Each structure stands twice: as C-alpha cells, then as structure tokens.
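In what follows, a single structure is set out as structure tokens and then discussed.
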Protein chains: 2
Amino acid sequence: MKDIARELGVSVATVSRALSDSPSISRERRQAIQQFAREHNYFPNVIAEQLRHSRRNPSRAIGVIVPELVHYYFSSILDGIESEASSRGYHLIVAKSNESYEREVQICEAMLKNKVCGIIVSQAKDTERYDHFEHLTTAGVPLVFYDRICPALNASRVVVDDYMGTMNAVSHLIETGCKRIAFYGASMNMMIAKNRFNGYRDALYKYGLTLDEDLVRICDNRADAERITPAMMHMENRPDAFFAVNDETAIGILSVVKRMGYTVPDDVSICGFTNGFRATVCDPMLTTVEQRGTQVGKEAADILIGLVEGTLSPDHAEKRIVKTRLVIRGTTRHP
Amino acid sequence: MKDIARELGVSVATVSRALSDSPSISRERRQAIQQFAREHNYFPNVIAEQLRHSRRNPSRAIGVIVPELVHYYFSSILDGIESEASSRGYHLIVAKSNESYEREVQICEAMLKNKVCGIIVSQAKDTERYDHFEHLTTAGVPLVFYDRICPALNASRVVVDDYMGTMNAVSHLIETGCKRIAFYGASMNMMIAKNRFNGYRDALYKYGLTLDEDLVRICDNRADAERITPAMMHMENRPDAFFAVNDETAIGILSVVKRMGYTVPDDVSICGFTNGFRATVCDPMLTTVEQRGTQVGKEAADILIGLVEGTLSPDHAEKRIVKTRLVIRGTTRHP
DNA sequence: ACGGACTGCGCAAACGATTGCATTCAATTA
DNA sequence: TAATTGAATGCAATCGTTTGCGCAGTCCGT
C-alpha cells in the first residue's frame, strides 16, 4: 500500500479507502488505484488486518480437535466440517489429541494463542477435567462438542442418535428371529456407550425379551472381540446374534464365528455401528448403523459459525442430534 | 502489556524485555514483571508478534492440501504430518481440494494470504496447470509434494517406492506359482500409475514371463473392478493372479472371483496396494503392499520444516522415497 | 574532578492496515 | 462578497509487540 501510495502520489489512507471502494474517494482515483493494485498483484496482509480488527472481528480460523485421524468416523466428521467451513469462508486448524488429556490441554492453549474464532472438539478418552474447556469459554471462544460430549459442561454439541440407532438395530435383529442378542459396548463412562446400551435394553423390553447380563460385555475393538467371542459361543445357551458398538468389533465377531463353523446370518446374526469402509468388505457384508459422520461435521461447523457470527446465542447451548439409518446387509436375515 | 506497565510503573518496552528475559533489565524488576504477568495470566498476542516479525520470521502454520479426507492413505499421511509438525512446534491448516483444480487454486491463494510458512500438497487428479504452485514458490513459500507429485516442477517431494513395491509384489506372485498375472492400474498420466506399471513389467521380465496387453487394464476402484473382472475370468486363457493398484480394487476382484466359485488363493491369487483397514477385513485377508502413509507424512513435514528453518536449501529439491513392505496374507499362496 | 564504561530503563519508530477528524479547495448560496 | 456547503484527500492515532538508540545515573581509574 505504501508503494502504491508513493507511485500514485497519494496517501496510504486514500489507497486503503480506494481499495475498500469507499465513496469518499473520487471515481477516477479509486479506479486508478484499484487497477494499479491489481496489476501489481497486491493483496492485503491478513495479519495486519487482523491486528487492526482484533477488537471487533474474530479471525476466520476454526480449531478442530480430533482424538485420532486414521479413523473412519473421525475422518468423515473432519470432512463434513471442512466442507461446511470452507464453503462459508472459514479455514481449519486441525490437531489430534492422541486420546491424551495433556495434549488436549496444550492444543487448547495453542489454539487460544493463535486466535481461532472457535473450537470444535471431541474429548480424548482420558479427559476427566474440564478447566481447559471452561477456560476457553470464559476467554470468549465458542466451543462445540461432537461425538464424545462433555456432560458436565452445558456446551453446544452434536451427536448421533445412539439410542434410537441401537434400538432400531436390535429391533431388526429381534424381528428377524433372534432371541438371545449379545451386546458388546464400550466402557460406560462415555455417554455414547450408555445411550447405546439403553437402546439395546429398551428394544429387548419392547419385545418382551429379558436382559441377560451374561450377554453384555465391554468390548470395543477387534482384538478383544476375537478373544472373548469363542467363550460366548461355547455357553450352554449361546447367543444367536451380536450387536457391536462399532464395525471393527463386529468384524472381529464375524471372523470368529465363521472360523468356528457357524453360518452368518443363519446361525448367528451380527450388527455393527458406523458403516465405514469395513462394512462392505467383509463376507457377508455387514449390517450396521450408518453414523453419518459427514452430517455430524457439517452440523457442528454450522453451530460454531452461527455462534461466531452471532446468529446463535452463546447463552443457549445448541444441541443437535443426527438421525442414524440402519443399513441391512448380509450379516442379518432380511425381514 | 500496557496494563502491566501502568500497574508496575514502568514502560511497555521494559515489560516486553522483562518478559523475554532480557539481561538488560534488572533481575528484581524482571521477576516482578514476570510474576505479575503470570498472576494475571497474560499471554502475548500472536497476531501482533507476527506482524512485528513478518519481515524476518515465518509463521508456524503449515498448509496441508489433501485431495480427499475420507481415505485411508490420505488420513495416514495427514496423521504423519500432524505428529511431526506438532512435535516440532508447528500447527496445521488443512484443506481438501475435492480433486478439483479450481478449488486447489483457491486454497493456494487463501493459504498464501493467511501466511502459512509452507505448503504440503498432493495434487488434485484434474490439475494440469501449475501456475498456482509456481506462484507460491516465487512468493517464497516452500512447497513439498507427496503421493501425487508434479513432474513438471522440480520441487521437493516424498513418494512411496511404487516401482519396487510393485516389483516385489509381482515377484511374490510369480514365485508362488502364478504365470498369468493381470494388472489393474490407474490412468497413466499420474506418476504413481506409471511407476507401478513399470514395476509390474520388470518383474515379469525378470522371471522371463511375457507381458500380455490383454491382462493390463485401467481400473482403480471397486465398482469398475466388479464390472470388468468377470470378463477377464471368462477369457480362454484366464489370469491366475491379479495385482491391483489399491486395496479397494483388489477387494472388488476378490468378491467377484469368490462369487464365481473360484478359490482364493489356489485358483486365483490377489494382491493389493495400501494395506488399509480393508486388508484385514476381507476373507481371506488381503496380501498387499504396505504404503506407510504415516511415514510419508512425517518425511514431508520434515522436509518442509527443514526448508522453513533453513537447514535445507530451497534451491535443491529434496526427493525422498519411502520403502514399501509386502504384507503377505491369505489372498496369495505362501512361498 | 573529569572522562569513560557500564547498568537500567524509556522514547519512539516500526510491522501493515483502518478510520475519525481536520483540512483543502471549489462550487453554491445568501 | 462573504459565508456555507460538500467533495476529496491527508494526518495521525490505533491494534499489541519489538528493538535501536539515547539518556540518566553509578562506579571506577587517573
């Protein structure tokens, strides 16, 4: 700008005004300046702009904290956030917590320092203190949780309808003739685990089945599934179906029961939760609850941007629930 | 800082120096200021710092451009970049090009404006002009390519050893008794496609097999694989093995030949490339070339940071090749 | 007692933009 | 003719830091 001003024999202020199309600069001068700027491909220094506007205008950088990156669901969510954000003129600063509380705190501080306009976060598994989040809110940085929300904080959030998703899935198992349905869930201190379990329980009740504690296990990965499933199948009264908290676990079950000589879905039905890459790769293909990560991501970004731009009030915590969809494939019988 | 200065009755300059531990401020004053700052949890405004230093110091933001996010290999690379970058004090601005040239150009401009210290990029499939990249380099923003590199530009890059990876995989197929090996590759305008083909060709030569053009097809996704594979298997002289350019395609082949009643690996061997989630989910599990995306990402970040910090010269294009590893599983016979 | 060296600190100019207010000059009005 | 008005532009402060330079004051040696 200084150069332009010098070349054209005007003041920097005039250049600034001309470039922002201020009517207080005469038409000819304005156009001359604009053209000159274009020809010498001038573009404004965002840093300086931000510094000048730091009091009034937030930046256009959204911080995103992900527990891990190589993960279908989180990738989908990130994808959704990216789409929504970029189409509305925001960009993303992405960091992964590695499921570590310490790292999460560091990241929050770094993002605060880097003046993000808001943060979209899914907590690390071992996060049990929330001061770092509260710290952000009091610093005026809006926060939106996804997937793993923080029940202690009344913050905006978007989650998947774990309860209904599981309920429908288990109902489907029952309707296709299953009577003893095992449930492999995650440890109950996470909301999502609890909600899915409740969905399972209520589906059983709805159809008059009783809940057998022996059929409920904590297991949310393939290795564990392969370890504990044989014993399940050797019970005197073995399960005729499995509901797993994610596809990975379901695949573990599938591989075990196939290896043991059972036929899927006729001897044993299996249902997962995610509908990621894996679901269409196994044989038979996996019946599973579509988690719609992209949609979750979009909603989260939408809320955050709403908060930033003031169309949503920061006092009211916006809570959105994304509906799931049951995708029936080969590991369950058809109705 | 101004507040601190006022409260403690010193000048802002003194505060600044005290906070940066300058020896030109007396010990007592320095400590008093530091403590006061800590107690009132002051932290410096990065924007202002950056503005001040914009001439000399680059920012610590690395721009990352990904063609897509919901993709095992790209997720792994992003993961690698994140790990390396964050451990060295950099953060990531991530954008996805959606395989679109237009979007890629937009992103480059936006990142330039946002003053990233460098960019790590894999080109969109339809990118054929490179002015936007050259534009960045002339603007002094270092560039590192990964996966899909730009042969026209002599830029730093890190790629996987596609040639040797494929060569080894095809050799393995031959050594386990396969004689007619089909090759499903991507369109040859991408370097990676060409290198993999060359590896295939040379492996055949090495073992004295002749290359049959009928066995070479352009096919890099599951749908296409499912469409064209039946015809391949109906040839009078059908292939006894398939090498596919990625796991997804290999899975497509697997599902078709199983459905047609062939046994894998005895009737037909199959080998993929990636070693992503899918590889351990299908039945039998997929023999594939481990692509080590995380390592690629780390190397890319390492180069970029080297360039930024001046340990690597911008004049010399650093080219790194990440070794692959053949993971032998159930879709090929064992040696 | 005076020059030099050193210590500890403040002034003010930068970084690159924006913007309220003052200024200039010409045209219009009384 | 003098005053009023309006348009077009410039001045200078500001955003929050950093930093070269200069200015006091103290201490020492001669």
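Since we're looking at a predicted model, the values are computed, not measured. To find a chain, count down the sequence lines: A is the first, B the second, and so on, and within it residues start at 1.
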Counting heavy atoms from C-beta on, name the nucleotide in [options] closest to the side chain of [X].
X     : options                : value
A:L51 : D:dC15, D:dT18, C:dC15 : D:dC15
A:V12 : D:dT9, C:dT18, D:dC15  : C:dT18
B:A13 : D:dT17, C:dC11, C:dA17 : C:dC11

Can you measure [X] atom [atom1] to [N] atom [atom2] for me and round it to whole angstrom units?
X     : N      : atom1 : atom2 : answer
A:E28 : D:dA7  : CD    : C1'   : 12 Å
A:R6  : C:dG16 : CZ    : C1'   : 14 Å
A:Q50 : C:dT18 : CD    : P     : 13 Å
A:R52 : D:dG16 : CZ    : P     : 10 Å
B:I25 : D:dT18 : CD1   : P     : 13 Å
B:D3  : D:dG16 : CG    : P     : 9 Å
B:F43 : D:dG16 : CZ    : P     : 12 Å
B:I47 : C:dA17 : CD1   : P     : 14 Å

Working note: A:Q34 + A:D21, criterion side-chain hydrogen bond (donor to acceptor under 3.5 Å, both in side chains); need CA distance, chi angles, decisive distance, verdict.
CA-CA 9 Å; A:Q34 289 179 4; A:D21 246 343; 2.9 Å; yes
Between the base of D:dG20 and the side chain of B:R17, is there a donor and acceptor pair under 3.5 angstrom?
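Donor-acceptor pair under 3.5 Å: yes.
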Does the base of D:dA8 carry an N or O that pairs as donor and acceptor with the side chain of A:R29 under 3.5 Å?
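Result: no qualifying N/O pair found.
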Regarding A:E109 and A:K113, does a basic nitrogen lie under 4.0 Å from an acidic carboxylate oxygen?
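Salt bridge absent between A:E109 and A:K113.
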Could you tell me whether the phosphate oxygens of D:dT17, OP1 or OP2, come under 4.0 Å of any side-chain nitrogen or oxygen in B:K2?
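B:K2 to D:dT17 OP1/OP2: no side-chain N or O under 4.0 Å.
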Can you see if the side chain of B:H53 gets near the phosphate of D:dT19 - specifically, an N or O under 4.0 Å from OP1 or OP2?
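For D:dT19, OP1/OP2 do have a side-chain N/O of B:H53 under 4.0 Å.
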Categorize A:S16 for me: base, sugar-phosphate, or nothing, with a 4.0 angstrom heavy-atom threshold over every strand shown.
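Result for A:S16 = base.
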If you look at every strand shown and take non-hydrogen atoms under 4.0 Å, does B:S26 touch a base, only sugar-phosphate, or nothing?
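If one applies the 4.0 Å heavy-atom cut-off, B:S26 turns out to touch the sugar-phosphate alone, with no base involved.
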Specify the residue among B:P23 and B:A48 whose closest nucleotide of DNA chain C lies further upstream toward the 5′ end.
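Closest to the 5' end, via its nearest nucleotide, is B:P23.
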Residues forming a side chain to side chain contact (heavy atoms under 4.5 Å, CB included) with B:S16, sequence neighbours excluded
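So B:S16 forms a side chain to side chain contact (heavy atoms under 4.5 Å, CB included) with B:M1.
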Could you tell me which non-hydrogen atom of A:D147 sits nearest to which non-hydrogen atom of A:I192, and how far apart they are?
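Shortest heavy-atom contact: O-CG2, 3.6 Å.
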Step-by-step side-chain contact (heavy atoms from CB on, under 4.5 Å) determination, A:Q291 to A:S76
CA-CA 10 Å; A:Q291 216 172 348; A:S76 315; over 6 Å; no
